[in-house]
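For clarity, every value in this text was computed on a predicted model and none was experimentally measured. The chains referred to below are lettered A, B, ... by the order of the sequence lines, with proteins before strands, and numbering in each begins at 1.
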Amino acid sequence: MRWSQYFIPTLREDPADAEVVSHKLLLRAGLIRQLGAGIYSYMPMAQRIALKITQILREEMNRIGGQEFYLPALHPAEVWKESGRWDAIGAEMFRLKDRKDADMCLGMTHEEIFTTIARNELRSYKQLPQVWYQIQVKFRDEARPKSGLMRLRTFVMKDAYTFDVDNAGLDKSFADQREAYKRIFSRCGIEYSIVEASSGSMGGSESNEFVAKTDAGEDLIASCANCGYAANLEKATSRLAPVKDLVGPEAPEEFPTPGVRTIDDLANFPGGALAKNQIKTLVYVYGDHASGASSAKWALLLLRGDHQVHDIKLADTLGASFIRAAQPNEIIDLLGASAGSLGGVGAKQKIAQLRNGDEVRVIADFALKGRRDMTTGANKDDHHLRGVDIERDIQIDQWADLRSVNSGEACPRCETGMLDVYKAMEIGHIFKLGTKYSESMGATVLTEQGKPVPIVMGSYGIGVERIITAAIEQNHDADGIIWPKTIAPFDVVVTVTNMKDEKLRETGEKLYKDLMRAGLDALLDDRDERAGVKFKDADLIGIPYRVTIGKKVSDGLVELFDRRAKSSNDVKLADVVSQAQKLALAGL
RNA sequence: CGGGGCGUAGCACAGCCUGGUAGUGCGCUCGGUUUGGGACCGAGAGGUCGGAGGUUCGAAUCCUCUCGCCCCGACCA
């Protein structure tokens, strides 16, 4: 391409609306323009990048036997009602009506549509496994779109679905996808980790999240440098130092604690207890989106005083799509005491009495297992109980992992490792769905024994814009983007320092053509601009190599500049094509 | 959805408090000088001040409503 004709609307200044680095650079490099919140137009150079990425996606999907489809983005509500997600998913789905007043929606993912094809067409185990994928636009009415292309309302996703006759087949398909994903992200030049994650409302038994470490990310990852354990905080566990409790009294003892409202208050109160010897009692309301408040139920959570509840762990434990902390007045109605004085001892009875049969689920965090001589609220303002033996004195319905882990805690997998918690962004997610969709939608095949069984499914997604964002977050400097070679919009830019100099111009034109002939994507900066402007722009848009055509041409020399290393070498004009070719195709 | 901020030229912003000719820098156009890290001089073009209503002789400025965008939180297949 000739820069003078090509549309690259670069900006000198940072746009006011951009906060994170990738967003600023995407705008400044002339790659994107905003149309609305979470809605962006991709300029020609961004489209070139997206095409390079989708080419890698296709190659790696095809390599594991994937077959590319193209499914509709506009869906009738029926299929979503069949799977149950029309009701399970809340405001995040774009919904609309057609002219006949029928419910429709814009696809946020395509399990239902692929399952529809599978159930109509797949009859026999002999047809399995199938690996189906597409590269398609998705729509999600995000509550808060943000950070440029990080969280969008319309975006491009490579989504794949596998169909197997049994779990062993799914394990193989899942492993294939996992390996393909590793190759994809490596080839895109992204530093990533594979972490355990919650499956959320996708359902299914197991999921791996691919994340790219960046401070702009929205996820927190706990990882162990020693053994490689890594998990999203919504799933991560850690090993805690054991606490030795005294035997304590025969029964809990109530004592007055005037003015004590918080864990800290009680820790500092004479005759109180250290935070780790307290039981924190929280009241939550849970249910699901569809049935709304009418179906809301109560949960009483018990955690160690110095621990924090993790909302996604809690939602997963409750099997609820909606949870919230109870309001202060709700707590008083429920337990007859305010938030600072709650406790699990006798709570079930008290609730049954005060609320006339309302049930409450009492869930205790694993970290409390076996603890004795603890201190907690007495469900009476300004009073606490000491000497509580949690298993003896509290009626617990369920033990669960509810707490957030912290940096510095011991790794749950190995003896010596320590967890580090860092920020990352999700770039891909693979799920073992099992039979959730095939059962609800009736997709079965006959086994070798002639018995109908639901197809065992997996689903696997990669966000194209997330790859672009992660690549920039991880590859930039003060001057601009440094594209990984494999996804760079151009391999090399030929910068003619002075277009009015006939000799330089002709040299640049010829070199440009030679580079193209050699199979490289070349960009010729033939603009009538000063050299400084061209250098700044070239750095900003991040082309991996730049050939500068300057005065040294009279000695038969040009400069070959490496954007990442920021170093340049004089190269004989006759050699520059082969050298550029070697560098550009040398992988990352 | 809760909290905060912002809508004035293509971009970044000032002007608003205290109502009276709409401004600055960058970019853009033309002419000239310059030409290896975002040149300089001169001359220009470009804005219904997000929208609607109100107050006033007069509104970018004051009041009401509304739309949009950004940030924090909640939420997030």
Of the nucleotides [options], which one has an atom closest to the side chain of [X]?
X        : options             : result
A:Asp539 : B:G37, B:G36, B:G38 : B:G37
A:Ser147 : B:G38, B:U34, B:C71 : B:C71
A:Arg12  : B:G27, B:G36, B:C71 : B:G27
A:Phe561 : B:C70, B:G37, B:C72 : B:G37
A:Lys146 : B:G38, B:C72, B:G36 : B:C72
A:Lys500 : B:U35, B:C69, B:A74 : B:U35
A:Phe535 : B:G38, B:C75, B:G36 : B:G36

Which value, in whole Å, describes the distance between the [atom1] atoms of nucleotides [N] and [M]?
N     : M     : atom1 : answer
B:G50 : B:U34 : P     : 45 Å
B:C76 : B:C1  : C1'   : 14 Å
B:G10 : B:G27 : C1'   : 7 Å
B:G47 : B:G38 : P     : 32 Å
B:A45 : B:G23 : P     : 12 Å
B:C62 : B:C70 : C1'   : 26 Å
B:A9  : B:A14 : C1'   : 14 Å
B:C65 : B:C26 : C1'   : 37 Å

Within this structure, what is the [atom1]-to-[atom2] distance between [X] and [N], rounded to whole angstrom?
X        : N     : atom1 : atom2 : answer
A:Leu540 : B:C26 : CG    : P     : 19 Å
A:Asp528 : B:G32 : CG    : P     : 13 Å
A:Met150 : B:C76 : CE    : P     : 19 Å
A:Gln308 : B:G73 : CD    : P     : 15 Å
A:Glu142 : B:C1  : CD    : P     : 15 Å
A:Asp141 : B:C76 : CG    : C1'   : 11 Å
A:Glu92  : B:A74 : CD    : P     : 16 Å
A:Asp479 : B:G38 : CG    : P     : 11 Å

Salt bridge or not between [X] and [Y]? Use side-chain N to carboxylate O under 4.0 Å.
X        : Y        : value
A:Lys235 : A:Asp401 : no
A:Glu111 : A:Arg85  : yes
A:Asp525 : A:Arg546 : no
A:Arg119 : A:Glu82  : yes
A:Asp528 : A:Lys500 : yes
A:Asp219 : A:Lys423 : no

How is [X] classified with respect to the nucleic acid when contacts are heavy atoms under 4.0 Å: base, sugar-phosphate, or nothing?
X        : value
A:Met157 : base
A:Arg33  : nothing
A:Gly461 : nothing
A:Gln34  : sugar-phosphate

Quiz item: When every nucleotide of nucleotides 2-12 of chain B is labelled 5' to 3' by its protein contacts under 4.0 Å (heavy atoms), B for base, S for sugar-phosphate only, - for none, what sequence of letters results?
Solution: ---------BS
Tell whether [X] reaches the base of [N] with its side chain through a donor-acceptor pair below 3.5 angstrom.
X        : N     : answer
A:Asp537 : B:G38 : yes
A:Glu559 : B:G36 : yes
A:Arg28  : B:G27 : no

Self-check item: Sequence neighbours excluded, every pair satisfying side-chain hydrogen bond (donor to acceptor under 3.5 Å, both in side chains) that has a member inside residues 555-568 of chain A
Solution: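 For residues 555-568 of chain A: A:Asn475-A:Arg564, A:Asp477-A:Arg563, A:Asp479-A:Lys566, A:Lys552-A:Glu559.
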Quiz item: Mapping A:Thr548 and A:Tyr40 to their closest nucleotides on RNA chain B, which lands nearer the 5' end?
Solution: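 In this pair, the answer is A:Thr548.
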Quiz item: For RNA chain B, whose closest nucleotide is more 5', that of A:Ile549 or that of A:His429?
Solution: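 That would be A:Ile549.
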Quiz prompt | Ring geometry between A:Phe139 and A:Phe94 (parallel below 30°, tilted from 30 to 60°, perpendicular above 60°) | solution =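 Correct class here is perpendicular.
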Quiz item: Should the ring pair A:Tyr181 and A:Phe210 be called parallel, tilted or perpendicular, given that the plane angle runs from 0 to 90° and is split at 30 and 60?
Solution: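 Taking A:Phe210 first and then A:Tyr181, their aromatic rings sit tilted (interplane angle of 30° to 60°).
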Quiz item: Would you say the side-chain atoms of A:His110 pair up with the backbone N or O of A:Pro72, donor to acceptor, closer than 3.5 Å?
Solution: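 Between the backbone of A:Pro72 and the side chain of A:His110 there is a qualifying donor-acceptor contact (under 3.5 Å).
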Could you check which nucleotide pairs with [N] in any of the strands shown, counting Watson-Crick or G-U wobble with both distances under 3.5 Å?
N     : result
B:C65 : B:G51
B:G23 : B:C13
B:U56 : none
B:G73 : B:C1
B:U29 : B:A43
B:G38 : none

Practice problem: Using distance alone, with no hydrogens and no angle criterion, decide if A:Tyr460 and A:Ser173 have a side-chain donor and acceptor under 3.5 Å apart. | Solution: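 There is no such pair (donor and acceptor under 3.5 Å, judged by atom type) between the side chains of A:Tyr460 and A:Ser173.
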